Protein chains: 2
Amino acid sequence: MEREWPATGQTPETHRQITAESPSETAPIRDGVVPFGRGAQQLPTVQPNPESSTLDPKIAERLNWNQDGLVPAIVQEQGTGEVLMLAWMNAEALHRTLTTGRATYWSRSRREYWVKGQTSGHHQHVRSVRLDCDGDTLLVTVDQVGAACHTGAHNCFFTTLES
Amino acid sequence: MEREWPATGQTPETHRQITAESPSETAPIRDGVVPFGRGAQQLPTVQPNPESSTLDPKIAERLNWNQDGLVPAIVQEQGTGEVLMLAWMNAEALHRTLTTGRATYWSRSRREYWVKGQTSGHHQHVRSVRLDCDGDTLLVTVDQVGAACHTGAHNCFFTTLES
């Protein structure tokens, strides 16, 4: 979910978010604590220090973040079991996902938070968040509104590879 | 799937593979082309240059490898739709997965190829390999023999996180 610009020439939801919801360069950062909802437009453009996240320390200590303070989050549709996409979360994105019930990611390309569907309306209502055996991958089950993929496809995995 | 050693104290399949199948330091590398099957025990311990992989160039050019020449591979069980694990592939691991039908990964911690089930018998017989919309994530559907997780659990996502 990290391409800067789609090969399809379509305008992806993610780009519209940049246009509509790009944070102010002067947005205040209060120890990485950023108000949710409308306040999300005031998100910092720099990734907060995981130590400054509001994620429950009991949860944070179970995660093995990569060198960038991120873990991949596999997104699976509740009910159908369809794997929709993979995105990335830092500690604060995980905190927001757990506490708001709306899937929230960290965009590595834009270096900002990304509330799935905030512009497109294609929200992901979180049903569960699970951590893998070695703490370095999340599995998020969601009720998907509309298409999960910026191309308009329901999921991002529509290209089959064959030898 | 990258912890050096499990917190459970159990001996993971991946470690047994190091013991049983650690490649020879002097194993010959013929432009990254390594024989499969028994020959897999002669795998190089260094990651081959993606350009030297035998992966079909038409497939390789569609992938957006990370800075380490890898992409995450989500592994989903055919039929049940259960997400079993996440592992990593380089170009040669993807080539072997596509051409042998046995899920083969690149272990970032051991810096060697890892044919799932080669020691444990918990093979993953590949049913399909799909690429996501921006070419940086794979979805591999498999028929899983036995447990996918080194802990003995059927899948690696048995810890639920709650705010």
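Computed over heavy atoms, backbone and side chain alike; hydrogens, waters and symmetry mates excluded. Chain letters run A, B, ... following the sequence lines, proteins first, then strands; residues in each count from 1. Note that the structure is predicted; figures quoted are calculated from it, not measured.
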> Under the salt bridge (Lys or Arg N to Asp or Glu O under 4.0 Å) criterion, do A:D136 and A:R62 qualify, and how do the steps go?
Replying inline: CA-CA 9 Å; A:D136 64 7; A:R62 306 180 73 159; over 6 Å; no
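Taking each heavy atom of B:A93 and B:Y113 in turn, the nearest pair found is N-CE2, 3.7 Å.
A donor and an acceptor atom, one from each side chain of B:Q144 and B:E77, are nowhere located under 3.5 Å apart. A donor-acceptor pair shorter than 3.5 Å cannot be found between the side chains of A:H95 and A:S53.
Between chain B and the options A:G81, A:S163, A:A153, A:S128, heavy-atom pairs under 4.5 Å are most frequent for A:S163. Taking A:R130, A:E82, A:E162, A:Q76 one by one and counting their heavy-atom pairs under 4.5 Å with chain B, the maximum is reached by A:R130. Among A:L94, A:T99, A:D56, the residue making the largest number of heavy-atom pairs under 4.5 Å with chain B is A:T99. Contact count against chain B (heavy-atom pairs under 4.5 Å) is highest for A:T159 among A:L55, A:T97, A:T159, A:V83.
Residue B:I59 touches chain A through its side chain alone, counting heavy-atom pairs closer than 4.5 Å. Both the backbone and the side chain of A:L139 come within contact range of chain B, with heavy atoms under 4.5 Å apart.
Ion pairing between a basic and an acidic side chain is recognised when a charged N comes within 4.0 Å of a carboxylate O; A:D143 and A:R127 show such pairing.
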